[in-house]
Amino acid sequence: MPKRAEKPELAKAYDASKVEDGIYRRWEKSGYFDPDKLPNGKKRTPFTIVLPPPNATGVLHVGHATMLAIEDLMIRYKRMRGFAALWVPGTDHASIATQNKVEKLIQEKEKKSRHDLGRKEFLKRVEAFVKGSQDTIRNQVRKMGSSIDWSREAYTLDAPRSEAVIEMFNRMYEDGLVYRGERVVNWCVRCTSTLADDEVEYKEQNAKLYFLKYGPFSVATTRPETKLGDTAVAANPSDERYKEWIGKSFELDWGKGTKPLTIRVIGDHEVDPKFGSGLVGVTPAHSAVDFRMAEKNKLPIIKVIGEDGRMLETAGKYAGMTVLEARHAFVKDLEAQGLIEKVEELTNNLSACYRCSTAIEPLTSLQWFVDVNKKIPGRGKSLKELSLEAVKRGGVKIIPERFEKVYFHWMENLRDWCVSRQIWFGHRIPAWYCADRHVTVARKAPKKCGQCGKKELTQDGDTFDTWFSSGTWTFTTLGWPKAMKGGKKTGDLKRFHPTSVLETGYDILFFWVARMILMTTYALKEVPFKTVYLHGLVRDEQGRKMSKSLGNVLDPLDVIPKYGTDAVRLSLVLGTAPGADAKVWDEKIAGYRNFTNKLWNVSRFILTSVSKVRREPKKPPAKTLADRWILARLEAVTAQASAHIERYEFSPAGELLRDFSWTELADWYLEIAKIQMQDPKLRASTEKVLLHALENVLKLWHPYMPFVTEAIWDLLAGNAKGKKFLMIESWPKAAKKPAPAPKEFALMQDIIAAIRNIRSEYKVEPAKRVDATIVAGLKAKLLKDNAAVIRTLARTENLTILAKGEKPKDAASAMVGGIEIHLPLAGMVDMAKERARLEKEKANLEGFVKGLEAKLANKGYTDNAPKEVVEKTRAMLAEKKEELKKIEAALGS
RNA sequence: GGGCGCGUAGCUCAACGGUAGAGCAUCUGCUUUACACGCAGAGGGUUCAGGGUUCAAAUCCUUGCGCGCCCACCA
């Protein structure tokens, strides 16, 4: 008997909460999250993922948990495969989002606005808030088991990133790619800032379409108040009704207290003659489309709405009113003058801020833009062209592939990128102005104006669009620009960039992924990453988006204590596909918790029943059919799971492993191992097979469920010399095309299942052993060799295996392949019932045989179908016919 | 207006051209010395509908219906 000390003490049920934090601490302390510190770390081939930096607005949600689970899976897999696996953590300052959040908090607590506090004080508050969020985020990332290199942590608003952003902007300025201009921008009245086109959301609403008497015409509009800023009216040039008017002008008077307007009639193909009256009142200052018409036709621009959402002096008597107030007042005045012809109802889209849902006012404003269409000096291509090429030429591969089309469509239609935001929290734009409004763009605060030499300069008060800084994330986290020496990459940048995979949600393909490609191809002349893996959104059981207002948000930190991190990770990875939304709910996680416990108990059984706990890395010799079977299955599963993971098919790989671990290893092999270990001749070899299977199963599962596997590994290899973490063990090897598992085992399974089925059918008490006769023909020897297995798993008493024989009297029968199984259940078999059961079986078989015969009689089939398929059908027919014969014989007796 | 995805057992999803599978749920049994977070057995499907291609279709093509999403934005 082994010494007691060698037997691990194992709890009956796995308790994740007791082991996870301790294991994480040990991993972290080991230093292996840093690829340089791995054994032979410097010699390994790099594999890099940068963490999409979570917004510093607060806590991580289940979407972040999905991201962490998938990325950690890839990192752990590659680490075990011998790569220098680097995963870079960080957080995003998320300018607008964070500023809004802190503003709200201060408003609630202190009833103060950011203006009450002033820029400096407000920013101090934001920074304090961010520090707290970062701590929370770090803890949550650790809780998920992320093997991420904390020594390389970055923040989008820290000094190195700040230097990088300034460098980028200056380079673009020097290349003539940035300009400051008056353009119609999406203006959020609440944030008092511009928004990029993709930061605007559209919501369907019911609106009124007013038909106004508009000089000699009728013009339809949903925004009457903007008509105070019209400078033209546009018609489709092909519209016969207005053709002769094009080019002419007229005076338009909206009544007392307004300034008369001079309106020119212009032609534009964008006008739909079928909508409204076929005429559009052109308001260049408050519509992007109208602005373009104004540029083409050199129209004057009258701004009537201000940055505060109130009407300007140009709106005459309506000045000072909010947009809505002005609309009501103006409509009332028009009605009084009889200038409203009719009002129709229609549904249109209201544009709103993606951060605070406030209605967007398009208005002209002086902003900084990045020109995406201008050729870059020395490159001969525009930013847009470079970004398209990166994906078109295969430098960047997007998974799932259909998102490549989405990317192309978006990129092809990209307009100049407004990068300035009237937000306090962010990277200040490195532009300075003198009293004469000359602009100086520089890397450091200049001493004097670059144009006139004046010494009093003020820096632009605006900050950058948050995506302008996060767009540089892959290379700034690796040391750019400092790591560039003599135009060449050095250090981490050289070793780890381009990164290998960018894993993120498809919802930020445009916001972030596209911007990273744009910024990186520009700055480094290389792609930021080779593969983009897009995960889907996580939804609740009913398929709804998770949101605070619905109260259906699943907080990873709530479920981790309940089910364990491994279970949570499995529930987010299995049953999902890239780019497809996934549903998660409590019971699903509980199901995977059950599986972690299953794995624990499989291990518990193996570790407590072997004579000595030890590693068994080499494939042991197989002494029995079951040994051969489980070893073959293990190798096949290893090969298949590896192939799936290489193809980013994480769910199929996991399902394969799950079925293998649970059904094949636990339900079949472990039960047989119990029998084999009773036999002194088989005991040692069976232990080897068990330990070998366990060792490999732990390795295969480790990227999915790092905690429980590492905990068991500790018990398995804890005493071994040179004991290492499972985390850095090497991935199991398998032949590319492993030998198939022996078919004879499947026959055994079928026989056992058939006996169990009859027992259940006739309600034989589970504990009761019954006699059985198996007439097995050529398979008799095989079954005799494995009689102990059948006897135990099917609970038989006297098991008679014959090559040839008669059916015993009053027996219940079943046919499996060419084999007859008879259970003489004396006194228990109701022969009428047995007959009915067999008749039913016979009818089924006859139908099936008929189908196969018809198939084979069809010349079209035998001529056209592949030989193997036809052969298979023939073999099947022969087998089923044999079975049918036996059933008929059983019925006849 | 343009594009994409999905519709398979009550639920969540597999099978992607050759007899429709799994987990959960349901039903029937069971303290079988690893696990009741378990074991054994069972029931449950005109694969949304119609048409086509094929010897063969859940799988390919086509039309329609239903659900979801993205882009554009209409004054």
Side-chain angles (χ1 to χ4, degrees), chain A residues 10 12-14 197-198 200 202 209 219-223 226-227 233-234 270-272 274-283 287-290 346 348-349 351 400 402-403 405-406 409-410 413 506-507 509-510 536-537 539 541 543 563 567 574-577 579-585 587-588 590-609 651-652 655 658-659 662-663 666-667 670-671 674 752-753 756-761 763-767 792-795 848 851-852 855 858-866 868-870 872-873 876 880:
Chain A
L10 293 177
K12 203 167 167 183
Y14 172 65
D197 291 341
D198 45 284
V200 177
Y202 296 91
L209 184 66
V219 164
T221 180
T222 53
R223 305 265 332 248
T226 63
K227 300 297 102 187
V233 63
E270 282 190 56
V271 179
D272 176 5
K274 285 189 219 83
F275 189 89
S277 62
L279 286 174
V280 180
V282 179
T283 322
S287 154
V289 177
D290 294 8
L346 96 166
N348 70 349
N349 284 320
S351 49
R402 66 189 140 89
F403 280 96
K405 249 195 284 179
V406 180
H409 183 255
W410 185 82
N413 293 296
Y506 66 75
D507 51 331
L509 178 64
F510 306 137
L537 269 37
R539 295 171 178 281
E541 195 175 0
Y563 300 117
L574 270 60
T576 69
D581 293 353
K583 295 178 187 177
V584 189
W585 64 102
E587 288 78 7
K588 185 173 174 184
Y592 289 112
R593 184 271 320 268
N594 294 353
F595 178 69
T596 53
N597 189 55
K598 187 74 186 181
L599 190 63
W600 173 259
N601 271 293
V602 165
S603 312
R604 187 156 91 108
F605 169 74
I606 295 173
L607 294 176
T608 53
S609 47
S651 178
E655 274 156 31
R658 180 183 179 284
D659 292 347
W662 202 319
T663 312
D667 290 345
L670 253 50
E671 292 309 317
K674 287 177 187 170
I752 292 162
R756 284 170 170 173
N757 182 315
I758 293 173
R759 292 179 60 112
S760 170
E761 197 103 344
K763 309 229 181 296
V764 178
E765 277 173 58
T792 310
L793 297 190
R795 298 206 145 250
F848 193 57
L852 290 178
K855 210 171 181 183
N858 181 351
K859 211 166 168 306
Y861 175 71
T862 47
D863 287 355
N864 294 313
E868 317 85 77
V869 175
V870 179
K872 228 174 118 185
T873 311
M876 176 80 75
K880 293 295 161 186

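Just the heavy atoms: all of them, side chains too, but no hydrogens, waters or symmetry mates, feed the values below. Residue numbers begin at 1 in each chain, while the letters A, B, ... track the order of the sequences.
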Sorted by chain and residue number, the side-chain contact (heavy atoms from CB on, under 4.5 Å) partners of Asn597(A) (sequence neighbours excluded) come out as Ala13(A), Tyr14(A), Trp600(A), Asn601(A)
Mind checking if Tyr202(A) touches a base, just sugar-phosphate, or nothing, with heavy atoms under 4.0 Å? base
Which residue, Arg593(A) or Gly860(A), contacts RNA chain B at a nucleotide closer to its 5' end, judged by nearest heavy atom? Arg593(A)
Name the residue closer to the 5' end of RNA chain B, choosing between Asp290(A) and Thr596(A) according to the nucleotide with the nearest heavy atom. Thr596(A)
For the P atoms, the ones on C24(B) and on C39(B), what distance do you get once it is rounded to whole angstrom? 9 Å
When both distances are under 3.5 Å in a Watson-Crick or G-U wobble arrangement, the nucleotide paired with C69(B) is G3(B)
Describe the nucleic acid contact of Val271(A) in one word from base, sugar-phosphate, nothing, applying a heavy-atom distance below 4.0 Å. base
Without decimals, in angstroms, what is the distance between Trp600(A) CH2 and C35(B) P? 13 Å
List for me each residue that meets salt bridge (charged side-chain N to carboxylate O under 4.0 Å, His left out) alongside Lys872(A), sequence neighbours excluded, and say none if there are none. none
In chain order, what residues pass the ring-ring contact (aromatic ring centres under 6.0 Å, His included) check against Phe595(A), with sequence neighbours excluded? Trp662(A), Trp701(A)
Salt bridge Arg658(A)-Glu655(A), side-chain N to carboxylate O under 4.0 Å: no
A42(B) and C48(B): how far apart are their C1' atoms, nearest whole angstrom? 29 Å
For the pair made of OH in Tyr506(A) and C1' in G3(B), what is the distance, rounded to whole Å? 15 Å
For nucleotides 5-26 of chain B, read 5' to 3', which letter fits each nucleotide if B means a protein heavy atom sits under 4.0 Å from the base, S means only the sugar-phosphate is that close, and - means neither? S------S-----BB---S---
Between Ser651(A) (side chain only) and Gly575(A) (backbone N and O only), is there a donor and an acceptor less than 3.5 Å apart? yes
Quick one: look up who C39(B) pairs with, Watson-Crick or G-U, both distances under 3.5 Å, and put none if it's unpaired. G29(B)
Does Lys12(A) have any side-chain hydrogen bond (donor to acceptor under 3.5 Å, both in side chains) partners at least two apart in sequence or in another chain, and if so, which? none
Residue list, side-chain contact (heavy atoms from CB on, under 4.5 Å) with Ser351(A), at least two apart or on another chain: Val200(A), Tyr202(A), Ile360(A)
What residues, two or more places apart in sequence or in another chain, satisfy side-chain contact (heavy atoms from CB on, under 4.5 Å) together with Asn413(A)? His409(A)
note: Asn349(A), atom CG; C73(B), atom C1'; distance rounded to Å ~ 7 Å
Are any protein N/O atoms closer than 3.5 Å to N/O atoms in nucleotides 40-47 of chain B? If there are, list each pair with its distance.
{"unit_1": "A40(B)", "atom_1": "O3'", "unit_2": "Arg756(A)", "atom_2": "NH1", "d": "3.4"}
{"unit_1": "G41(B)", "atom_1": "O2'", "unit_2": "Ser760(A)", "atom_2": "OG", "d": "3.1"}
{"unit_1": "A42(B)", "atom_1": "OP1", "unit_2": "Asn757(A)", "atom_2": "ND2", "d": "2.8"}

To the nearest angstrom, how far is Arg539(A) atom CZ from C69(B) atom C1'? 8 Å
Would you classify Leu670(A) as touching base, sugar-phosphate or nothing, given that sugar-phosphate means primed atoms plus P, OP1 and OP2, and contacts are heavy atoms under 4.0 Å? base
Test of understanding: with salt bridge (charged side-chain N to carboxylate O under 4.0 Å, His left out), list the residues that count as partners of Glu765(A), not counting sequence neighbours. none
Using the C1' atom as the point on both nucleotides, what is the distance between G64(B) and G23(B), in whole Å? 34 Å
For C39(B), does either OP1 or OP2 sit under 4.0 Å from a side-chain N or O belonging to Lys598(A)? yes
